[in-house]
Amino acid sequence: ECKLCSCTLASSAGALHEKGARHRERVQRLAAFLRERSAADAERPLKPGDWICTAASHAPQLVYANRDSCCRAGCGRARAQGLSQSEAATMVARGREGGA
């Protein structure tokens with residue numbers, strides 16, 4: 001399953017999945033979120049272990065390291081289904097390389 005768009009065919013579809021419209025749109029939303037977070041870092045820097053919930057039901061959400069599930073009301077997505085900071089940065093970089 002793709003941690004960004006929850007597509008269950010991501011492992012078998014590979015590069016084709018990453019070129020899909022839904023995945024590219026989610027990469028763009030994640031990139032915008034990371035840019036906003038980067039601008040806010042001086043005021044509220046990310047800490048090691050902070051992670052990003054990427055549930056399709058809402059925009060990317062920063063979740064602090066001490067939480068094992070998303071803090072967004074009604075979500076509750078588990079940390080294992082979210083992205084670490086490095087996973088998010090890698091996914092955005094791959095999206096740029098692929099033309100997203």
Side-chain angles (χ1 to χ4, degrees):
E1 177 177 319
C2 176
K3 288 184 173 185
L4 187 59
C5 61
S6 302
C7 177
T8 56
L9 300 175
S11 60
S12 61
L16 184 61
H17 164 78
E18 290 184 3
K19 291 179 183 179
R22 179 177 173 189
H23 185 83
R24 286 194 332 261
E25 186 269 333
R26 298 286 295 170
V27 168
Q28 290 170 354
R29 288 174 65 184
L30 181 60
F33 169 79
L34 292 176
R35 279 192 303 273
E36 290 171 17
R37 283 299 317 157
S38 181
D41 271 353
E43 187 177 317
R44 296 173 310 226
L46 293 174
K47 295 183 173 79
D50 287 352
W51 58 283
I52 302 162
C53 179
T54 56
S57 61
H58 58 73
Q61 172 72 46
L62 173 67
V63 184
Y64 295 123
N66 65 337
R67 294 192 59 109
D68 289 325
S69 61
C70 182
C71 56
R72 181 74 59 108
C75 181
R77 190 172 185 160
R79 176 193 300 264
Q81 295 174 297
L83 296 171
S84 69
Q85 296 172 53
S86 61
E87 286 174 319
T90 298
M91 197 166 280
V92 168
R94 270 199 330 249
R96 285 189 189 121
E97 291 168 7

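Counting begins at 1 with the first residue of the sequence. These values consider heavy atoms only, across backbone and side chains, with no hydrogens, waters or symmetry-generated copies.
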> Measure across C75 and C53 and return the closest heavy-atom pair with its distance rounded to 0.1 Å.
SG-SG, 3.8 Å

> Is a side-chain donor or acceptor of D50 paired with a backbone partner of Y64 at a separation under 3.5 angstrom?
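Side chain of D50 to backbone of Y64, a donor-acceptor pair under 3.5 Å: no, none is there.
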
> Taking C-beta and beyond as the side chain, do R77 and T54 meet within less than 4.5 Å on heavy atoms?
yes

> Keeping the roles fixed (side chain from R79, backbone from R67), state whether a donor-acceptor pair exists under 3.5 Å.
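Yes, the answer is positive, given that a donor and an acceptor are paired below the 3.5 Å cut-off.
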
> Has Q85 got a side-chain atom pairing as donor or acceptor with K47's backbone, closer than 3.5 angstrom?
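Yes, the answer is positive, given that a donor and an acceptor are paired below the 3.5 Å cut-off.
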
> Within a strict 4.5 Å, meaning less than it, do heavy atoms of the C2 and R26 side chains meet?
no

> Nearest 0.5 angstrom please: R29 CZ to R24 CZ, how far?
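Rounded to the nearest 0.5 Å, the CZ-CZ separation comes out at 15.0 Å.
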
> I'd like to know if L34 and L4 are part of one continuous hydrophobic network [Ile/Leu/Val/Met/Phe/Trp/Tyr, side-chain heavy atoms within less than 4.5 Å].
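Looking at the clustering, L34 is in the same group as L4.
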
> Please round to the nearest 0.5 Å and tell me the distance separating atom CD1 of I52 and atom SG of C70.
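It is 11.5 Å, given to the nearest 0.5 Å.
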
> Mind listing the closest non-hydrogen atom pair of S69 and V63 along with its distance?
O-CG1, 3.7 Å

> For Q61, enumerate each residue passing the side chain to side chain donor-acceptor pair (under 3.5 Å) test, keeping only those at least two apart in sequence or located in another chain.
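Partners of Q61 by the side chain to side chain donor-acceptor pair (under 3.5 Å) criterion, ordered by chain and then number, come out as R72.
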
